Amino acid sequence: MSAVASIASPIRIALLGNPNTGKSTLFNRLTGMRQHIANYPGITVEKKTGLLEIEGQRFELIDLPGTYSLAASSPDERVVLDALNGKFGHPSPDLIVCVVDATNLKRNLFLASEVAELGIPMIIVLNQWDAALRNGLAIDTEVLSERLGVPVIPTVAKRGEGLDKLRKAIVQSLDDPHTMTRIQWPDYVSDARHILQEGLKKQGVSVGGAESLRIIFDPDSAYAAQISQQTGISELQTAARQQIRAQGLNPASAEAVLHYRHLDALLEGTVKGNSSVARSRESVDAILLHRFWGTLIFLAVMSIVFQSLYAWAGPIMDLIDAGTTLVQEMVSPLLENTPMLQSMVSDGIIAGVGGVIIFLPQILILFFFIAILEDTGYLARAAFLMDKLFGWCGLNGKSFVPLLSGYACAIPGVMAARTLEDPKARITTILMTPLMSCSARLPVYVLLIGAFVEPTYGPIVAGWTLFAMHFVGALVALPIAWFLNRCILKLKAQPFILEMPDYRIPTFRNVLMRMWERGREFIIRAGTVILAFSIIIWALLYFPRPQSVEETVRENFIQTASATQPMAQVQAELENPESELSLSLDHKIQGAFIEQSYLGRFGKTMQPIFDPAGFDWKITVGVLSSFPAREVIIATMGVIYNLGADVDEGSDDLRSILARETWHSGPREGHPVYTLPVVFALMVFFALCMQCGATVAIVAKELNWRWALGCFFGMTLLAWCAAVLIYQVGTRFLS
């Protein structure tokens, strides 16, 4: 094989294995930073490929999703079988590298034994070889290789041990390929396969040997469903499975029974060891999985993760925000002769880029902890502990970490839902995550509670109100999850089966790689959509910009100011752009422009819809402008109330103006706008509404745009109904 030929058409090598075998660590070691992450065509399962170079030859390494078998009931499992069969526009791989946990040899080789039916050359990698030695296991790799019929390479992927031997074995296997010893199927299985294949052939459908086994042993598999769309196979399935039942075997378990018999014969005498380490692990599990102590430890661990997302990310996010402001201040003077371009670059593009990057600290910190918890083996145990809490609404324990992460930011929470294997449970978890009260909602709570709750009821009630607002979304999310799973997704009740991996020490390299992958993926995929949202909202707030608006505001402002001080003094102060009078005029002009903008006009048009919730047009504009990012409402309200966009939730001036604001027309003319029912209606609206373009983008990326838009409009309707209910009931109760 020449280097030129390999460059023109890289040989494809599939990396296959069970979850928690160190497969992804091995992939990272072999490919380094030369990786590409996309989705398989038509589905949302990740396709991870990388470039592997050995002795000047280039190979395409494909990291297939972790799976325990070829029973294609989930998207990940179907991807494995489809990719191995060449169903994605590429031929089948030239070589399979099957990564096996050396501490659990027989169960891991079950998958390899199934894949052997495809007849693709294979290498067996006994990863976590160091853990096997620590566990007192002795594996005769030479005898094992002879019996399996393929090279067997011990490795410790996290330390890079054994990789040179693996690289040599890859080159040798491509020159002299070996397939794994196949199971010798009993006559009744061969007869069952013959019945199915011949019956389908008469109907014009041809299936291979491996596919026919999936249809026989897994009648509910994706392949059976796919073929049943073309032709009726139920009678053929029944006839084929009857051949197995006649031997006293259940077709649903016959494959596992026969494969393990096959593996028992191959492994006999190759593995020796003791169970002292296993007993040691069980003693640790007795504490970590204990109903009381385990839950206490879990809450402590999760509180550290949760607090870190606030405490560690906060200063970095403030630094990014300050950097964005600094860049805006540096660029704006360069474009002062072209106000529209200046605003677009500063308030649209630069602010949009800053709005993308500012999420990175939380994403990186979250996946730092997820990588550590997963690599140590604790994440599986945490999922087990939380299973009962979520079981009644159709979710399982693995949903807890994404939902908890949503309290810091929905974006990393949605991305963390990738740990859920069941696609319907993953959909439900993703759709529920935006209901968790993320940190961006906090400024709204602080502003309104500080302005209207604390002055009347004191700091203790204000503190409890703030605490309670963080659980509004969670209390609503769980019943909605129950409704989704029972009535829409129709998620079948499934036992929560989870393998408890060995405890391991995570490697710094692997943790960094996971952080790098997720951070880069967010910037590339979600970042472009967030930037587009930012520019669109900027345009809606900027246009139209008639000069007459500024002239009218300036004329009225000067007339009002000159009534209390000499005209010459007014003109002198306005000539100084840093004077208080000049800044006040600028704020009024900006407020008038927002009122006349497309979004301002739309807000006035939409105000009757929000009127049942007690919102005036200013609140409505603030709400609408906050859909790309809910924290924008503070700056928008500052501009609308002529205080400028640099106000924050602690601004005494903004709180004072809100407290004095009254209705200027209609049946409530002269009455305060911000009554207590309005305040709580507005906070609950923000608690339940998906006012985050970045979250919409990431949900679309993880699922699709149909789910993303459905979630957006569904949460908006839910928030509106809740706000109307609170205002109407509260108003009648307090009147």
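Please read all numbers here as calculations on a predicted model, not as lab measurements.
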Can you measure from [atom1] ([X]) to [atom2] ([Y]) and round to the nearest 0.5 angstrom?
X: Leu484; Y: Thr429; atom1: CG; atom2: OG1; answer: 10.5 Å
X: Thr325; Y: Ile320; atom1: OG1; atom2: CD1; answer: 12.0 Å
X: Ile427; Y: Glu702; atom1: CD1; atom2: CD; answer: 11.5 Å
X: Ile488; Y: Phe483; atom1: CD1; atom2: CZ; answer: 4.5 Å
X: Leu364; Y: Leu512; atom1: CG; atom2: CG; answer: 10.0 Å
X: Ile365; Y: Leu360; atom1: CD1; atom2: CG; answer: 10.5 Å

Check: Does the side-chain contact (heavy atoms from CB on, under 4.5 Å) test come out yes or no for Val679 and Ile449, once each step is laid out?
Finding: CA-CA 8 Å; Val679 167; Ile449 292 173; over 6 Å; no

Next item on the list: If the plane angle is over 60° it's perpendicular, under 30° parallel, otherwise tilted; pick one for Phe685 and Phe615.
Entry: perpendicular

Is atom [atom1] of [X] surrounded by more than 12 heavy atoms (other residues, nucleotides or ligands) closer than 6.0 Å?
X: Leu326; atom1: CG; value: yes
X: Trp464; atom1: CH2; value: no
X: Arg554; atom1: CZ; value: no
X: Tyr457; atom1: OH; value: no

Next item on the list: Keeping to residues at least two apart or across chains, list the side-chain hydrogen bond (donor to acceptor under 3.5 Å, both in side chains) pairs with something in residues 709-726.
Entry: none

Could you give all pairs that pass the salt bridge (charged side-chain N to carboxylate O under 4.0 Å, His left out) test and reach [range], with sequence neighbours left out?
range: residues 612-622; value: Lys618-Glu661
range: residues 556-573; value: none
range: residues 326-346; value: none

Can you name the residues that form a side-chain hydrogen bond (donor to acceptor under 3.5 Å, both in side chains) with [X], not counting sequence neighbours?
X: Arg545; value: Gln590
X: Tyr542; value: none
X: Gln596; value: none
X: Gln571; value: none

Looking at every heavy atom in both [X] and [Y], which two are closest together, and how far apart are they?
X: Pro402; Y: Gly413; value: CB-O, 3.3 Å
X: Asn485; Y: Cys393; value: ND2-O, 2.7 Å
X: Pro455; Y: Gly450; value: CD-O, 3.3 Å
X: Tyr445; Y: Ala687; value: OH-CB, 3.3 Å
X: Met690; Y: Cys711; value: CE-SG, 3.0 Å
X: Leu624; Y: Phe602; value: CD1-CD2, 3.6 Å

Next item on the list: For side-chain contact (heavy atoms from CB on, under 4.5 Å), just list the numbers for Val331 and Ile350, CA-CA rounded to whole Å, side-chain angles, deciding distance to a tenth of an Å, and then say yes or no.
Entry: CA-CA 9 Å; Val331 172; Ile350 297 176; 3.9 Å; yes

Under 4.5 Å between any side-chain heavy atoms of [X] and [Y], yes or no?
X: Tyr727; Y: Leu676; answer: no
X: Leu431; Y: Leu703; answer: yes
X: Met606; Y: Val621; answer: no
X: Lys701; Y: Val414; answer: no
X: Val345; Y: Gln328; answer: no
X: Ser584; Y: Glu580; answer: no
X: Leu688; Y: Leu435; answer: yes
X: Gln728; Y: Pro612; answer: yes

Note to self: Is a donor from one side chain sitting under 3.5 angstrom from an acceptor on the other, for Ser582 and Asn576?
What the structure shows: no

Margin query: With no hydrogens and no angle check, just 3.5 Å: does a side-chain donor-acceptor pair link Arg660 and Ser656?
Written below: yes

Notebook entry, point to check: Is the backbone N or O of Gln607 less than 3.5 Å from a side-chain atom of Asp611, with the two atoms forming a donor-acceptor pair by type?
Noted result: no

Next item on the list: Please confirm whether the backbone N or O of Leu341 pairs with a side-chain atom of Thr338, one donor and one acceptor, at under 3.5 Å?
Entry: no

Note to self: Does Ser437 form a side-chain contact (heavy atoms from CB on, under 4.5 Å) with Met469? I'd like the steps, not just the answer.
What the structure shows: CA-CA 8 Å; Ser437 191; Met469 288 307 305; 5.8 Å; no

Checklist line | Worked verdict on Phe712 versus Thr695 for side-chain contact (heavy atoms from CB on, under 4.5 Å) | finding: CA-CA 9 Å; Phe712 171 78; Thr695 303; over 6 Å; no

Margin query: Salt bridge or not between Glu595 and Lys604? Use side-chain N to carboxylate O under 4.0 Å.
Written below: yes

Taking ring pair (Phe, Tyr, Trp, His ring centres under 6.0 Å) as the definition, give me every residue that meets it alongside [X], ordered by chain and number, with sequence neighbours left out.
X: Phe368; result: none
X: Phe471; result: Phe467
X: Phe593; result: none

Validation: residues 556-563 side-chain donor-acceptor distances under 3.5 Å, sequence neighbours left out:
unit_1, atom_1, unit_2, atom_2, d
Asn556, ND2, Thr552, O, 3.3
Thr560, OG1, Asn556, O, 2.9
Ser562, OG, Ile558, O, 3.0
Ser562, OG, Gln559, O, 3.0

